[in-house]
Amino acid sequence: MSYFPEVQDPVPCEGPDSRNPLAFKYYNASQLVAGKSMADHLRFAVAYWHTFKGPGTDIFGSATFERPWNTGATPLEIAEKTLDAAFEFVHKLGLQYYCFHDRDIAPEGETFAESCDNLDHIIALAAEKQAATGIKLLWGTANLFSNPRYAHGAATSPDAHVFAYAAGQVQHAIAATHRLGGENYVFWGGREGYETLLNTDLKAEQDHLARFLHLAVDYAKSIGFTGQFLIEPKPCEPMKHQYDSDAAACLNFLRSYDLMDQFKLNIECNHATLAGHTFQHDLSVASAAGRLGSVDANRGDMLLGWDTDQFPTDIYDAVYAMLVILRQGGLGSGGLNFDAKPRRGSFDTVDLFHAHIGAMDTFAHGLLIAQALIDERPLDDEIDERYSSWNDELGQSILAGNESFDSLEAWIREHGEATPRSGRQELLENIVNTYIR
Ligand code: XLS
Ligand code: NI
Ligand code: NI
């Protein structure tokens, strides 16, 4: 039986002139870009929670998405049907990867033990489906934010009992990820923050979060899980203040607690913008530290101040993101996960295809444009020129550690004022526009 009979298997690539809404215009998995296939550059993943479990609710309205796979006699039967739908969907789109939370791939049970059994049952089926289709797991994670027990945090809960529960849950989520050959494991601190300092020991909570992450590292070692650990920054929502608020805050946290070598960052576009940064900024901060590991590719809405998780369709965002990714030589074991959901009114299953096809095309197009900008160097030449004084005698001497404030003071007395030079921002923006076609 097919859940998506209206969509061709696989979705074809018909090129930029095609007007077929259910065909790719730019994403052609095997097309080589700078010697590497588009599939290998982009490493797209579908987000299980939004695409297969998203109900289309909002704070004023109930579910609008009636998915045929989300009905059944028991929660486990529904989970099995969802798995069927997920693998059909991923296969038709030619995506190579998926990502899940423990509680969206398998239902939470009445007890901890029952939840673990449910997860084991579904993971065994997922392993069979992966083997049969070649579809792989980009990352797994644990939902440490929905259940009421985590209302005050998981690793940062004031209650050590809750910390222990979260540890037990993550132990199973990492084991499940390992069993499925997951290439990464993500920690998004959904409730790791606070609402008011009147009841919060901020320093203790940060110490506890670090302890939790160290325990995760120890556990991964003990079972031989070699996937990359990732932290996903987000400044607010659900908590007013989150400890992992942006890339810079996460890097500082990791450095302070001796976790820098074990973690990279999973940068989400809409989280960066909620933090008051551009997507490109947070990608660049992570990349500059050598810690850009993966990306949650979505977008927010300029007029809304929350995590709208829309599908990425902005070509500028995609170009700027791909520039950062290409310049660091790719994402390694990471990928581009569409942590995104269709709008509440886009309730047909075919809307899921429109959403993913558009997002994949946006990034494929962005990849081509970014590679052309790198090959033809209009931006790099300008940047090289702008910093060229650092290659001169003075710049080299400063970098070699041969100068002091005293020597530089003497140098400036001798040489006087610097020559102003335009930053050429408008020219560079125009140049980018000439490549977007
Ligand atoms: C929520 C986060 C979440 C993580 C995984 O805002 O983006 O979906 O990616 O827990
Ligand atoms: Ni995310
Ligand atoms: Ni998000």
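Order of listing sets the numbers, starting from 1, for every ligand and every atom in it.
Contact check on D317 versus R299 returns no salt bridge, with no Lys/Arg side-chain nitrogen under 4.0 Å from an Asp/Glu carboxylate oxygen. A salt bridge between R386 and E382 is absent, with no side-chain N of the basic residue lying under 4.0 Å from a carboxylate O of the acidic one. Using a 4.0 Å cut-off between charged nitrogen and carboxylate oxygen, D207 and R211 do not count as a salt-bridge pair. Using a 4.0 Å cut-off between charged side-chain N and carboxylate O, R179 and D120 make no salt bridge.
With a heavy-atom cut-off of 4.0 Å, D296 touches ligand 1 through its side chain alone.
The aromatic rings of Y185 and F187 sit perpendicular to each other, their planes meeting at more than 60°, with 30° as the lower class boundary.
Not a single donor-acceptor pair under 3.5 Å links the side chain of D102 to the backbone N or O of I174.
Note on D307: its N/O/S atom closest to the Ni ion (ligand 3) is OD2.
Taking a 6.0 Å sphere around CG of D258, one finds it holds 12 or fewer heavy atoms contributed by other residues, nucleotides or ligands.
Shortest non-hydrogen contact noted between G94 and Y27 is O-OH, 4.1 Å. Contact record, Q31 with Y26: OE1-O, 4.3 Å, taken as the closest heavy-atom pair.
Below 3.5 Å of separation, one finds no N or O of H50 facing any N or O of ligand 1. Residue-to-ligand polar distances keep W139 apart from ligand 1: every N/O pair is separated by 3.5 Å or more.
Residue, atom and distance of the protein heavy atom nearest to atom 2 (C) of ligand 1 are E232 OE2, 3.2 Å. The shortest contact between atom 5 (C) of ligand 1 and any protein heavy atom is with H101 NE2, 3.3 Å. In terms of protein heavy atoms, atom 8 (O) of ligand 1 is closest to D339 OD2, 2.9 Å.
Counting the atoms of ligand 1 from 1 in the order shown, those under 4.0 Å from a heavy atom of K234 are 1 (C), 6 (O). Atoms of ligand 1 lying under 4.0 Å from any heavy atom of D307, numbered from 1 in the order shown and given with element: 1 (C), 6 (O). Within the listing of ligand 1, atoms 8 (O) sit less than 4.0 angstrom from a heavy atom of W49.
A side-chain hydrogen bond (donor to acceptor under 3.5 Å, both in side chains) with Y243 is found for exactly one of E192, Q206, E205, namely E205. When each of W188, F145, Y48 is paired with H101, the ring-ring contact (aromatic ring centres under 6.0 Å, His included) condition holds for F145 and for no other.
Taking 4.0 Å as the cut-off, E237 does not count as a neighbour of ligand 1 on heavy-atom distance.
Closer than 2.8 Å to the Ni ion (ligand 2) sit the protein N, O or S atoms E232 OE2, E268 OE1, D296 OD2, D339 OD2.
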